[in-house]
**Student:** 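One structure coming up, written as structure tokens, with questions to follow.
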Amino acid sequence: MVATLFAQEAVAATHVANVVTRNAWIIPAIPAILVVLIWALGKRLPRGGSELGIIGMGVAAVLSYIVLANYIGGNGPLVVKQLQWFPFGIGQKLGLGIRMDGLTAIMLPVVTTVSLMVQIYSTGYMHGEKRYTWYFTALNLFTASMLLLVVSNTLLQLLVGWELVGICSYLLIGFWWEDKANSNAAIKAFITTKTGDIPFLIGIFVLFASTHTFDIGQIIAKAEAHQISTLTLSAAAILLFGGAVGKSAQFPLHVWLPDAMAGPTPVSALIHAATMVTAGVFLVARLFPVFTGSIAAMNVVAIIGAVTMLMAALLAMVQDDIKRVLAYSTISQLAYMMAALGVGAGNAGIFHLFTHAWFKALLFLGAGSVIHAVHTNNMSEMGGLRKVMPTTYWTFVVGTLALSGIFPFAGFWSKDEILTEAFRVGHGTAAAHGTPAVGYVVYGVGVVTAFLTAFYMSRAVHLTFEGEYRGSAHPHESPRSMTFPLQFLGVLSVVAGFVGIPAWRDGFASWVGVGGEVKVSSANFVLIGISLVVAVAGLYAGRRLYMPAPATEPLERLGWFHTLLVNKYYLDDFYMKGIVRPIRDSISTAMYWLNQNVFDAAVNGAAGVARAAGRGVYENIDQKVIDGAVNAVGIGTQDGSRILRYIQSGDVQRYAAVLFAGVAVLVLLFTLVFR
Amino acid sequence: MSLAWVLTLGAFLFSVGVYGVLARKNAVLVLMSIELMLNSVNINLIAFNAWFKDSAAVGQIFALFIITVAAAEVGVGLAIVLLVFRHRKTINIDEVDLLKW
């Protein structure tokens, strides 16, 4: 009896999950409606529109988890539904629709949950901000765009979401635009990502030229069926990867992400750590068959990933701004995901995306809580906050352990899976496609980066929370609205990794299904041991060097290398002096010359002719003919009315006499003349 | 009694009314002359109604309407005359010629 009831309920639950999945367009639609509602009504509501955002995002998050429920344990449905958006070309139609599969089902809860947590957190962090309602409008616009991006079933629709998240990022980085530095950072982020979007767009065109469709499903099918030549696939994949490099802040277009920290910290957590920057990784995973079809493209992805993860982790060691530490850390972790995709371990990369979203959002929100308390981003003015901010401290430590990859926190499982897969590719025992040498490179760099990651996070924790307080504010624990998201994300950072433990046959990898057939990877305890030792060594090294807080930065002993790191490898200077200024200056000089000598000459010549013609017209036609006619009419009317006005005598009887005379005349006319 | 006699009476009364409107200086008398003109029209309507033996009595109904309108008209007219007298202490139409250039 009980068993039957239970079975019926299970059937009903599956049914609900199916219905929600088929109508998943509603998940991006909810925040899109919220944007309008908050924008229109927010200022009149008691909490400035944030209540709308939180309630609506809560609903969207619940729906996302219902969708995800469909894909747990693998064998989730592939749902593709679309409306016709517009026809183009000859017989081509562009659809506006959804493509629901395991990859989308993973992304939806990540985006909605982090957005919900960030919105709850922001009610505390942004309290009393004068553009409070606009802030929530932009947050929801961002969430809607990101969800549109992940559910897209065509590349063009994906591109629309892609650019919309870019706009939202621009708006929110420059949220405090009164400060010129912030608006410069926003412009830099926008232009840098746009640099990657140009190859991305060309890549879409290349794919369209060879497949005559923007539909992701058809493109994937054609790529898997080898109906696209390898050369085309290589070109398309590398061009598309350009977009991913820009959006996911990979070398050499990573320079915008640290500057993007100019925005409010919750925005950094949502956009520049957990969701938007993962769009690049998502893109590669979405079109994974296009990439796997070309060994060259895969190697480019893997090498860019390897270079970026090491380079960014090194930079994270020397930052004083706590948000910049986390920003470089984000670049480095995104590079892990890229490298995983590059060696063919798509599921591992998405797994790391999934776990990283929780603990990086947690770390950013924790950093925001600290900044809220001490009113500075600089770790040199922090210290000793462990006692006054216990919740922030403990959740930050959980995030640190998860990011460093300590058992059994979330980051351990995903990072280890990436390293194991990379090693297997190197060893030639992996089912994944990949060049062995590249696999070894990714593994080696990954292990080094794991050490550096643990080291810089340990450094950040010790400089921020241990020792004596070095600043001048009066730090205190943040309000409940800010600590609750920390605790929530803290719990996720502990448990999220368990969905993908190697022992579970139907675990995470089978839900996502990126990267061909899923094989059950037995855990390699030697590799796990190496990663754990490396991570613990990194944490310990950080503790030795920064506990107690040293008077001078210990890394300065590295000499020229430290200088190189502090100057960010001079990449920003190179971009500014080597690319932006020469192009801008030479173009502007050439344009100035062209303007002065060609355009101005033409304009001046035309103006001279026009002026002479105008003078002639003015003196002869306008003054004499037109004005003459106008004046004649005026004067005539004036003179005429001067005489005629005497008819209006005010004598009613005279009017009546005229009236009757008129009647008499009419009578005479009709009786005698018109008869 | 032929129709012509009655129409002649109407025409005569109308002419008297026109004369009164054009020639009298007293505003009240002008109003009375207007009443004469309206009633001469009524005579015409009744006469034709009787002549055509109209069973719907359209002429009579029209005459009733005109009487009603005439009553309203003279009410408004006398009120204007009264106000003019209060302001200007005269109802001589020649002296009431404010509406002019």
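To find a chain, count down the sequence lines: A is the first, B the second, and so on, and within it residues start at 1. Note that the coordinates shown come from a computational prediction; the quantities given were computed from them, not determined experimentally.
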**Student:** Taking atom NZ as the centre, does B:Lys25 end up with more than 12 heavy-atom neighbours from other residues, nucleotides or ligands that are less than 6.0 angstrom away?
**Tutor:**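 Counting other residues, nucleotides and ligands, NZ of B:Lys25 exceeds 12 neighbours.
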**Student:** If contact means a heavy atom pair closer than 4.5 Å, which residues of residues 28-40 of chain B contact chain A?
**Tutor:**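 Residues of residues 28-40 of chain B touching chain A at under 4.5 Å: B:Val30, B:Met37.
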**Student:** Which residues from residues 651-660 of chain A are near chain B, with near meaning under 4.5 Å between non-hydrogen atoms?
**Tutor:**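 Answer by number: A:Asp651, A:Gln653, A:Tyr655, A:Ala656, A:Ala657, A:Phe660.
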**Student:** Would the number of heavy atoms belonging to other residues, nucleotides or ligands and lying under 6.0 Å from OH of A:Tyr170 be above 12?
**Tutor:**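 For A:Tyr170, atom OH is not crowded (no more than 12 foreign heavy atoms under 6.0 Å).
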**Student:** Counting heavy atoms not belonging to A:Trp176, are there more than 12 under 6.0 Å from its CH2?
**Tutor:**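 For A:Trp176, atom CH2 is crowded (more than 12 foreign heavy atoms under 6.0 Å).
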**Student:** If you count heavy-atom pairs within less than 4.5 Å of chain A, which of B:Ile93, B:Leu22, B:Val18, B:Asp94 leads?
**Tutor:** B:Leu22
